[in-house]
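Data first, discussion second: the structure below is written as structure tokens.
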Protein chains: 2
Amino acid sequence: MPERSPKVPIPSLNRLPLYYRYLLEAREQRLVVVSSEMLGDAAGVPAAQVRKDLGYLGEFGRPGIGYDVMEMQKRLAEQLGLSTQKDVIVVGAGRLGSAISAYRGFATYSMRIAALFDSDRSKIGTRVGGLEVLDVAEVGCFVQERGIQMAILAVPASMAQQVADALSQAGIAAILNFAPVKLDLPSSVVVSNEDLAARLATLSFRMIHRQE
Amino acid sequence: MPERSPKVPIPSLNRLPLYYRYLLEAREQRLVVVSSEMLGDAAGVPAAQVRKDLGYLGEFGRPGIGYDVMEMQKRLAEQLGLSTQKDVIVVGAGRLGSAISAYRGFATYSMRIAALFDSDRSKIGTRVGGLEVLDVAEVGCFVQERGIQMAILAVPASMAQQVADALSQAGIAAILNFAPVKLDLPSSVVVSNEDLAARLATLSFRMIHRQE
DNA sequence: TAGATTGTTAATCGATTAACAATC
DNA sequence: TAGATTGTTAATCGATTAACAATC
């Protein structure tokens with residue numbers, strides 16, 4: 001449970017997981033303390049930025065010394081809500097949904113894919129990377145019974161709103177949406193949109209205009 | 001070829017593809033003109049923001065009327081570098097790389113996956129969604145011969161820097177990196193990092209702190 | 001102690017929002 | 001004309017960077 005609810009700027013917030021990842025690496029390398037400069041190098045930002053970002057969450061380090069790796073990692077985990085393992089579900093067992101379900105990297109942040117859902121009869125019951133594909137009609141019950149808080153949406157654009165509504169009604173708290181549509185949901189549901197194609201288009205623009 | 005190289009704020013830049021997508025939809029619905037408010041609704045931003053964003057690229061609309069769908073779509077395509085089809089390669093034929101290679105959505109932005117590479121002997125030569133998996137040892141030649149500008153990196157973290165170096169040396173101009181590492185590359189290469197697990201961690205934080 | 005490094009304040013820079021004259 | 005809507009300027013808000021006293 002986090003001690004308080006700081007108001008953290010969105011860009012800072014996006015950097016926190018990078019700091020966290022660096023701390024895990026530092027721990028493996030048996031580092032005891034790290035400096036804001038080391039953290040900055042890992043995340044690609046200046047040391048001052050790191051200190052500012054961490055400042056939003058409280059006091060982490062000791063002047064003249066740096067940041068204690070173990071302690072900081074634990075406190076960051078608390079703040080990010082990763083101190084206990086989190087169960088996440090994936091809806092959509094197409095290529096993308098299946099790939100996400102099988103992705104190992106979530107473990108870094110103590111996240112686990114708990115179940116995978118689809119509406120396609122020919123997929124339901126099959127196994128994808130150690131998970132049985134469940135019927136999306138049951139996703140609401142599953143969320144409620146298991147107290148699932150987060151879902152990853154990897155369904156076709158035409159289905160996304162409908163599935164999101166079902167998840168929302170079941171009480172989901174956060175959705176990572178891969179469908180290229182703007183979801184219309186109550187403000188109680190936190191949504192993060194990831195549009196791979198749009199990403200590539202933005203990259204194309206930056207490339208052409210040699211931006212940043 | 002874009003007429004000029006405007007300095008566009010990064011957040012604005014991320015919205016341009018959303019406007020573009022809306023214009024494609026509007027076109028299908030036979031809309032002739034759209035307003036900044038309609039564009040804003042589609043992208044989830046205020047109308048004033050839309051006008052500001054478009055203002056960076058020149059004059060698109062007509063006061064009292066709105067934006068001509070066809071004309072604006074064409075001009076945005078030019079600016080985003082999408083007026084001619086772009087060939088993109090994917091390196092890494094694991095689950096994620098394969099899913100990306102087969103993803104249909106890139107067509108929206110005139111992007112095409114031209115080839116898929118891997119280092120695994122057992123994968124090379126097999127077919128993934130209509131593409132033959134090629135040997136990553138040949139990726140440099142391929143990039144040079146075909147004049148490929150953009151690459152998607154979906155290899156394990158431990159391989160990412162090495163592959164990125166090869167791409168960079170072959171003259172690649174932009175990389176969309178899915179490996180959870182900060183790539184160290186010459187500033188001539190534009191890099192965009194997409195860390196799915198970090199995304200989920202950020203979402204977790206926002207959920208817990210009910211941010212935004 | 002001297003050197004290192006934090007946390008925080010102040011200064012700068014950048015992005016968003018509001019307002020409105022110009023235009024259709 | 002009157003109503004609608006742009007492009008742009010000015011005002012506000014937010015984020016980054018720089019600087020430095022406090023601390024180890």
Side-chain angles (χ1 to χ4, degrees), chain A residues 3-4 6-16 18-19 22-23 26 31-73 75-76 79 202 205-206 209 211-212, chain B residues 3-4 6-16 18-19 22-23 26 31-73 75-76 79 202 205-206 209 211-212:
Chain A
E3 292 99 35
R4 57 214 188 89
K7 176 75 182 70
V8 186
I10 298 132
S12 299
L13 212 151
N14 288 322
R15 289 187 287 264
L16 296 180
L18 305 183
Y19 302 150
Y22 178 71
L23 289 171
L31 288 175
V32 176
V33 290
V34 293
S35 66
S36 54
E37 188 155 2
M38 293 161 85
L39 284 159
D41 286 348
V45 295
Q49 180 84 80
V50 174
R51 296 202 295 279
K52 203 84 216 289
D53 288 346
L54 297 177
Y56 294 117
L57 307 179
E59 298 195 359
F60 281 80
R62 296 208 306 172
I65 306 294
Y67 301 91
D68 183 279
V69 173
M70 292 257 295
E71 192 208 326
M72 187 180 162
Q73 187 244 311
R75 289 187 54 196
L76 250 190
Q79 294 277 359
T202 299
F205 184 97
R206 286 176 56 199
H209 299 278
Q211 280 241 145
E212 197 201 7
Chain B
E3 292 98 37
R4 57 215 190 88
K7 176 76 182 71
V8 186
I10 297 132
S12 298
L13 212 151
N14 288 323
R15 288 186 287 263
L16 296 180
L18 305 184
Y19 301 150
Y22 178 70
L23 290 171
L31 288 175
V32 176
V33 291
V34 294
S35 66
S36 54
E37 188 156 2
M38 292 160 85
L39 284 159
D41 285 348
V45 295
Q49 181 83 77
V50 175
R51 297 201 295 278
K52 203 83 216 290
D53 289 346
L54 297 177
Y56 294 117
L57 307 180
E59 297 195 1
F60 282 80
R62 297 208 303 172
I65 306 295
Y67 301 91
D68 182 279
V69 173
M70 291 257 296
E71 193 209 325
M72 187 180 163
Q73 186 245 310
R75 289 187 55 196
L76 249 189
Q79 295 275 359
T202 299
F205 183 97
R206 285 176 56 199
H209 298 279
Q211 279 241 145
E212 198 202 7

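Values reported hereafter were calculated over all heavy atoms of this structure, with side chains retained and with hydrogens, waters and symmetry mates removed. A, B, ... follow the sequence lines: proteins, then strands. Residue 1 opens every chain.
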Measure the OG-CD distance between B/S12 and B/Q49 for me, rounded to the nearest 0.5 Å. 6.0 Å
Could you pick out which residue, A/F60 or B/P11, lies toward the 5' side of DNA chain C when each is mapped onto its nearest nucleotide? A/F60
OH of B/Y19 to CZ of B/F60: how many Å apart, nearest 0.5 Å? 11.5 Å
How long is the gap from CZ on B/R75 to CG on B/L23, to the nearest 0.5 Å? 12.0 Å
With a 4.0 Å heavy-atom cut-off, tell me which residues in residues 64-73 of chain B come close to DNA chain D, sorted by residue number. B/G64, B/I65, B/G66, B/Y67
Side chains of A/V50 and A/V45: does their closest heavy-atom pair fall under 4.5 Å? yes
Among residues at least two apart in sequence or on other chains, which ones pass side-chain contact (heavy atoms from CB on, under 4.5 Å) with A/L18? A/R21, A/A43
So which one's nearest nucleotide on DNA chain D is more toward 5', B/V34 or B/K52? B/V34
From A/L54 CG over to A/L39 CG, what is the distance, rounded to the nearest 0.5 angstrom? 6.5 Å
Kindly state each residue pair satisfying salt bridge (Lys or Arg N to Asp or Glu O under 4.0 Å) with at least one member in residues 31-51 of chain B, sequence neighbours excluded. none
Could you list where the contact with chain A starts and ends along DNA chain D, reading 5' to 3', using a 4.0 Å heavy-atom cut-off? D/dA15 to D/dC24
Under 3.5 Å for both distances, Watson-Crick or G-U wobble, that's the pair rule; now give the dot-bracket for DNA chain C, with | marking pairs to another strand and [ ] for crossing ones. ..||||||||||||||||||||||
How long is the straight-line distance from OH of A/Y22 back to CG of A/L76, given to the nearest 0.5 Å? 13.5 Å
Within residues 39-46 of chain A: residues closer than 4.0 Å to DNA chain D (heavy atoms): A/P46
B/L57 vs A/F205 side-chain heavy atoms within contact, under 4.5 Å: yes
Determine the contact category for B/R62: base if any of its heavy atoms lies under 4.0 Å from a base atom, sugar-phosphate if only primed atoms, P, OP1 or OP2 are that close, otherwise nothing. sugar-phosphate
For A/R51 and for B/S35, locate the closest nucleotide of DNA chain D by heavy-atom distance; then report the residue assigned to the nucleotide nearer the 5' terminus. B/S35
Answer yes or no: is there a side-chain heavy-atom contact under 4.5 Å between A/M38 and A/L31? yes
Tell me if a side-chain donor or acceptor on A/R15 pairs with a main-chain N or O of A/G40 at a distance below 3.5 Å. no
Is there a side-chain contact between B/V8 and B/Q79 (heavy atoms, below 4.5 Å)? no
Just wondering, do A/R206 and B/L13 contact through their side chains at under 4.5 Å, heavy atoms? yes
